[in-house]
Structure formats: structure tokens, C-alpha cells
Amino acid sequence: MGNGTETELKKCTILSSIIDNKYRAQIPEIVDRIANSCSDKKCFDHVDAAIIPSRESMIDIIDLIKDVLFPGYFGDQTVDRSILPYHIGNEVTILFERLSKQITDSIIHECGRYEENCAECIERGQEETLKFLEKIPYIRSMLASDVIAAYDGDPAAKSYDEIIFSYPGIFAMTVYRSAHELHRQGISIIPRIMTEHAHSLVGIDIHPGARIGEGFFIDHGTGVVIGETCRIGKNVRVYQGVTLGSLSFPKDETGNLIRGEKRHPTIEDDVIVYSNATILGGDTVIGARSVIGGNVWLTRSVPPDTKVVIEEPHLIFKEKH
Amino acid sequence: MGNGTETELKKCTILSSIIDNKYRAQIPEIVDRIANSCSDKKCFDHVDAAIIPSRESMIDIIDLIKDVLFPGYFGDQTVDRSILPYHIGNEVTILFERLSKQITDSIIHECGRYEENCAECIERGQEETLKFLEKIPYIRSMLASDVIAAYDGDPAAKSYDEIIFSYPGIFAMTVYRSAHELHRQGISIIPRIMTEHAHSLVGIDIHPGARIGEGFFIDHGTGVVIGETCRIGKNVRVYQGVTLGSLSFPKDETGNLIRGEKRHPTIEDDVIVYSNATILGGDTVIGARSVIGGNVWLTRSVPPDTKVVIEEPHLIFKEKH
Amino acid sequence: MGNGTETELKKCTILSSIIDNKYRAQIPEIVDRIANSCSDKKCFDHVDAAIIPSRESMIDIIDLIKDVLFPGYFGDQTVDRSILPYHIGNEVTILFERLSKQITDSIIHECGRYEENCAECIERGQEETLKFLEKIPYIRSMLASDVIAAYDGDPAAKSYDEIIFSYPGIFAMTVYRSAHELHRQGISIIPRIMTEHAHSLVGIDIHPGARIGEGFFIDHGTGVVIGETCRIGKNVRVYQGVTLGSLSFPKDETGNLIRGEKRHPTIEDDVIVYSNATILGGDTVIGARSVIGGNVWLTRSVPPDTKVVIEEPHLIFKEKH
């Protein structure tokens, strides 16, 4: 490219910043139309509405929770035993401040309570936050069982540290196990924001309502879907692309979806589900110690100690011409 | 771990910052080799090239667009009705500034116009930005239909707000519907940067060239691929892992790929496509109100009101020894 | 919503910040319990441990590497030929500083060497960093072949620039090709942190230990899994959802997993693997120029020039009642 062009390029860059903005003059009219489009009831806005939890704040809070659950692994600080109580004390205090704000906002948002007793909402926000913090040692021990399950289930794993640092399944479980506890406390919106954040980062979609026992290992994980009413036992292992989903959506007599009913399968202890298998239905029970092969599509129950494999589909081998 | 070790650790940390950098001396030679490797024509650089749109800026712009499309939901500010016009006015003005810079850069980059009439490019950049802003009320109403479709299609959805806050499919559609309008205006690079950003966040890969009617709902979504020349009607619902793809790649007589031809299927109104189904080919038409079952692999058309399910593959149940 | 409510809302917001924090008083007790839960050996912490590599720093370093590998494409600066050596010189110097810190930390962490000869670890950290920087021209040429393969393999690709800017497969390969070189040098933890970062961004999970020849193209990519001991030849193309995985996990006589053995398939030159195909096993070899159809499940070898397609499963077409 010649010098002439380079000069032209520079001229263009300068021009670009000084050229007359004749189109800017039309902005006010556009703004009017956009603002008015909010009032035609066909669009969604969140104007004049109650305080709402913030997605951005929840993402920061997830980082804090991760650091409290695995002290010394994340963050830029080396932690030694002597300062550990201060370190955790500091993090838990910040966590209390931030999480209680979000939980309170979600309570106020949910019940529209601001027309009633506002102080009660705020108090409940703090109470629920404390209840969550009290569960941290329990969540830690559950996650420790998940880390050990990953090491025992993956020959590519070199150390526990590598798993905690880099395994997407552990991140998904860290977020899910925290969100699930908030979900059990009846907190709305926040648990789903949390698990959808993990879903967006690692492609593993676990509804906060699912119940999952200790020692759960998700390998690779992209595309895994675990539905709201799943019940999963201890030491279960699933691979990428596994769906534990619903088979049909019951509707009430007026044609509206019935929400909350058990629609997703039950997986008993020590089951392995290989990649891209799909297990559907609220009455489907996979018996303990069973192995579900890759690509299997299951909509009925399986007794304990069963191995289910797909009959290998006939492959056609052709010589390329 | 004993105190000796801790002391050693500290010594090591200090040493690490003062140790003689004898390897640094070799950096200039490495830099030379890297810089020279740019001129051997086998590598890609973007040196001496025209202004280019910035991926980072486009990500900020997507956040702005999201806030204009769903006022009050995102961002850290509560919006009330009285200040709504100012709020939107402010956001739209910033959006105009930033987006017109990116669009202008993409126009300059695309046509290599800087050798010609630079002012014209800049003017077209602003004109196209304005054209896009004018479509915002339309995009909002399309997205509102998508939110309603999500609520009507998912028993796990608790409220419209939860859907807007956390559903990956709504985020993907927000970005796709915006990028599609820019794509229709003939803007290059930017629409694809936008949809690939959404793809990276939520695992849903919609080409900005696809045409999608109102009330489109993608549930879970990880692994969904919707190709460039798809045509999708109204009120269609698809699940995770669904591919609407191409069957073969026609080449011209010189063996080069023919670009732009219709290679992806047409999905008519009110169709449901369950998880991991694959529908391929530019001549494939799925008739209105049809239901395509999970894991189905389809390369031919289906008449309206048809239910297509895979013949359940034979499963082998073995007792584990 | 009436004014009364708005006033109530404002009151509530103010109250929320002044209300008595009676729950705060319980934090110290909770902190104690959390800190103690670290010592029961059932939880993981990284307290009193050696310096560890930082995930956050590695993400910054990946951005730097990307900019050195594709000068002028990313970042906010237009680069022209005359300043190119300074630009690269500056970036490579920063890269050396930051990467050598992380590599050193990973070496110290890995060998627990801080009890021995600390200076040696630090020296090796710098030496390995330099070794990596020397490979940059090679990595660039490999990536250039990947970009060309993407253009030649995707009719939707409009330009090389669009591919470099926005294709998730190119990002995954940029990170993998860099991480693989560090992995070959025996650096621990860091390569896996790098590829898991890419996995999290684009849903493509390539183990840094896999060996992949030039001209590799991953289209769409979500759900792709390429295992640790894969061997992939030149000009191979794979689509979304393809798994190149292991068939079984050999254990030693004490029941522990054997790590490091070849468990993943070999793919020879010029092979194409279509979406959601699964190829498993360390002894499985896909011969050169073969084409593996979508959804195929393969656990045995295929001779060169073979086309393998799944026998189309019987579809049941029902008229909807």
C-alpha cells in the first residue's frame, strides 16, 4: 500500500471526527418514538417498578462466594494459615453486605411489598442472607466431594488443584450448589440469574431447583441440561450433551401450563450417563449403579445395575469415488 | 508445613523479583523474527490497513442496545416514568455516537473507500446508524413476542422478568434481531461480530442473515446452530442442540465455494423442534404446525401438521456383572 | 402505579440503608465456623501453599498473545508498518514479564521446589518463557493455515478478516496452539487454564495435550470435545458437537486410573467429521480423506477414502390429530 493511501487514511480519520453531524438532528424524534413505544403495552420495560436485583452485582457476588468456598485458589493474594480468619472474615462481611442487598431487592421485587411493610422485607433480606452464610461449611464439603469425584473419574486430571482451577463442571457445581440453597430458601430471580451465568460461562445448564447428591461429576459438560425437578443421587457422573429433561408439558383445563410439577427424571446413586444421552420424564427412574451409554434416548425407568446401550446403528461404508 | 518452608517461600518470592534477567537480553532478536514473520505473506496481520471496527466497542454497544430495548432491566439505575425520555434520550445519543463510529469504520474497511471519497463513507455511516435506530420500536415489539413465547412454552418460567433477566435464548434473540437489521442494511463484519459475541456467551449460533418471525423461543439453547439462509416463520420453538444447517456446499466450475445461495431449511409457522434434532438443506421445508422429535435427522420436506419421531433405536439392557 | 406507591418505594430504599443490622452481629460466629471447616481435611483450600498461577492473569496474557499472533486485529490501536517493530517489541516485552511470572509460579507450585533450589525454578521459568516466545512465528504460520482452511470450508465466510475477528473456532485454535506448546514444554496447570478459558468462551474443549496438524477448521464448534491423546493430521475439518473421546478408562491393579495412556482416536489427513459425530478409543484410526457423517458413533478404525454414514433411522410421520 503506497504512501498516498496512508495519507488518505489519516485524512479520513480526521474528517470522521469533524464532519457535520446532520443526522444527529433527527435523534430527538427517534427518542420520542422509542419512549412512546414503551407505553403500547406490547413491549417490556421495567419503568416505575420496584427495585430489582442486579445481574452485574450477582456476578461479582459469585466471585466472592467462589473465593470463600475455595480460600486461596482465586483472587490475587496468597493466603497463609495465620491470617486465614481475617481473610475469610473480610470476605464474608463484604459478601453479607452485597448479597443481603440483592436478596432484599429480590424480596421487595417479588412480593410488591413496598406498598405494605417495607421494613419487614429488609429484615427478611438480611435474615435469609445469614441463613445462606451458615450453610457455607456444608456447601464446601459437598463441593469437596465433587472435586474428588472428578479426580477419580477423569484420567486426564493431573491434580485436585488443576480441577479446582480449570474444570468447568466444578465451576457449574459451585454456582449451582450455592444457588440451590437460595432457591430452597424461597428467594426468587437470583438463583436463576446465578445458574444462567454459569450456563453462559461453561455451557452447563442446571436449574437451581434440581436436587443433586454429593460426588457429582460433569466431564467436559458443554450442552448438559438438568431440569428443575430432577432428583440425582450420590456419586453420579454425566458427560457432555446429556439432557435430563421433561417429556411433555401438562396443561390445566384452561390450557395454561402447570408449573412446579415433577417433570424430570430421578437418577439413583452411582449411575454413569455417557455423552449426549437424553433421559426424559418425571416418572423415569434410573436405578442405582446403572450405566447409560452414549446417545441413548430413554423415556422409561431402568432397574438397578443395568447397562443400557444403543444398538449400534448400521453404518454404511462407501469407498469415495 | 513448617516455618522453615514458609521462610523459604518468602525468600523465593523476593528472589523471583530481583534475579538477573539474563533471558531478557534475547527478546530483541525474537521481536525481529516475529516482525519479519509478518512479511512472509503466510501470516495474517492487519498492519497499514484501514480503520477496523472494534470487537470490544461492539460488546459495549450491545449492552447499550440491550438497555434501550429493555429499559430499566439492566444497568444500575432505577428508571421511573417521569425521567424515561431523558434516560432513553441519553442512551440513544451515546448509542448513535458509538455505533456510527463502528459502522463508519466497517464501511471504510469494507470498500477500501479511503482511496476515494472518504466524506461519503462517513456520511453513509451516520445515515445507516440512524436507519437502525429508527427500527428500535419494531425490534422491541419482536422481542416482546419472543418473551411471551418463552413464558408460554416453558413451565419452569416463573415470570416475564425472570425470562428477560436470565434466559439465554432471549439474550441471543436480542443480539440476533439487532444484528439482522444491520445485516439487512448491508453493513459488513459488525453483525457477525455481534452474533458471535452472543454465541460465545450463550452457545447459540444464529447467523445474522437468517430470517426469523415473531414469537421465536429457544429453550436452554446450548449448541443451537441456525444457518445464514434459514427462513423461520412465526411462533416457532426450538430446543438445545438443534441444527438448522446446510447439506452440501455447491462449488462453481473453478472449484470455489458458491457463497450466498439458499443452503439452509425453511421452517413454517408454529413448528416445534425438540432437542438435538438436525434439519438440513436449502430445499427442506417443514410444514406449519409440525413437530420434529428429539434427535431426528431430516434432509427432506415434511407436510404441514406432521409429527416426525425417530423410531426408538433398539436399546440393549444388560445386567451388570 | 400511583404516587403513593412511588413515595413508598423511595422510603423503602432509604430505610434499606439505615435499618439496624441486627443480623450482622452474627457474622463473627459464622466466620469462625467457615475458617474451622478448612481444617477438617474434607474441604479444599489453598492456604499456606506455594505461589500459584493466576487465572485472571492468564486471561490477560491470552489477550496479549492473540495480539502478537494477529498484529493490528485486536486492541484499540491502528498499527502501521513503520511502527510495527516497536509495537511488537512492546507487546513481547510485556508478554515476557507477565508470562514468565505465571510460568515460574506454576513451576514452583508443581515441584514444591521452594524447599530446595528456588533460584533454579525462577531461572527455568524465564527460560521456558523464552522458548515459548521463540515459537511465535511457527504458531502464526499454523494459525494462518487454520484461517485459510476456514475460508475454504465455509460458504458463509465473507473474508479472512471476518474469520479472524469473529470465528469461535479460530479463537479456540489460537489458544490451543499456544497452550499446546507450553504443554509440550512440560509446564503444568497453565495450559489447561488457557484451553478451559477458550472452552468457556466458545464451547470448544480441546485438551492442550492433543496434537493437531495445520489447516484445522472447526465450524460453529459448540460442544466439540477433543481429548488429551488425540492425533489429528493436516487439513481436517470438524463441526459442532463432534466428540473425539475415550472409550474406557484402564485402571491399574490397585483400581486407580492409569493416566497418560493413548485413549483417544487418530484422525489422518483431509478427514471431515460432520456435526455431532462421536469417535472413540485410542486404537481407532480414521484413514486419510475419509468423511464421517453427522451423528455417526464410531469405535473402530476406518480405512482411507471411506465415507461412513449412519443408516437413516426410520422416521415415523404421523398426522397430528
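Just so it is clear: chains get the letters A, B, ... in the order the sequence lines come, proteins before strands, and each one is counted from 1.
No other option in E162(A), E134(A), H220(A) has as many heavy-atom pairs under 4.5 Å with chain C as H220(A). Contact count versus chain C (heavy atoms, under 4.5 Å) is highest, among P85(A), S159(A), S200(A), P168(A), for P168(A). Between chain C and the residues Y239(A), Y160(A), F171(A), the most heavy-atom pairs under 4.5 angstrom are made by Y160(A). Across R55(C), H207(C), Q26(C), the residue that shares the most heavy-atom pairs under 4.5 angstrom with chain A is Q26(C). Contact count versus chain C (heavy atoms, under 4.5 Å) is highest, among S100(A), G203(A), A157(A), G223(A), for A157(A).
In this structure, the portions of R289(C) lying under 4.5 Å from any heavy atom of chain A include both its backbone and its side chain. At a 4.5 Å heavy-atom cutoff, the contact between I136(A) and chain C is made by side-chain atoms alone. Looking at R192(C), both its backbone and its side chain come within 4.5 Å of chain A, counting heavy atoms on both sides. Proximity to chain C is limited to the side chain of D161(A), based on heavy atoms less than 4.5 angstrom apart. Proximity to chain A is absent for every atom of H197(C), based on heavy atoms less than 4.5 angstrom apart. Looking at T306(C), both its backbone and its side chain come within 4.5 Å of chain A, counting heavy atoms on both sides. In this structure, chain C has no heavy atom under 4.5 Å from any part of L143(A). Interface remark: I30(C) contributes side-chain atoms only to the contact with chain A (heavy atom separation under 4.5 Å). Only the side chain of V225(C) comes within contact range of chain A, with heavy atoms under 4.5 Å apart. With a 4.5 angstrom heavy-atom cutoff, V224(C) does not touch chain A via any of its atoms. Residue Y151(A) touches chain C through both its backbone and its side chain, counting heavy-atom pairs closer than 4.5 Å.
Side-chain atoms of E268(C) do not come within 3.5 Å of backbone N or O of P304(C) as any donor-acceptor pair. Side-chain atoms of T229(C) come within 3.5 Å of backbone atoms of H264(C) as a donor-acceptor pair (strictly under, hydrogens ignored). One N or O on the side chain of K262(C) and one on the backbone of G282(C) form a donor-acceptor pair closer than 3.5 Å. S275(C) places no side-chain N or O within donor-acceptor distance of the main-chain N or O of V242(C), the cut-off being under 3.5 Å. In terms of modelled atom types and a separation under 3.5 Å, the side chain of D146(A) and the main chain of G215(A) share a donor-acceptor contact.
Ion pairing between K101(A) and E97(A) fails under the 4.0 Å rule for side-chain N and carboxylate O.
Between F96(A) and L133(A) the shortest side-chain heavy-atom distance falls below 4.5 Å. In this structure the side chain of H87(A) reaches within 4.5 angstrom of the side chain of D67(A), judged on heavy atoms.
Atom CZ of F317(A) has more than 12 heavy atoms from other residues, nucleotides or ligands within 6.0 Å.
Nearest heavy-atom pair across G125(A) and T104(A) is CA-OG1, 3.4 Å.
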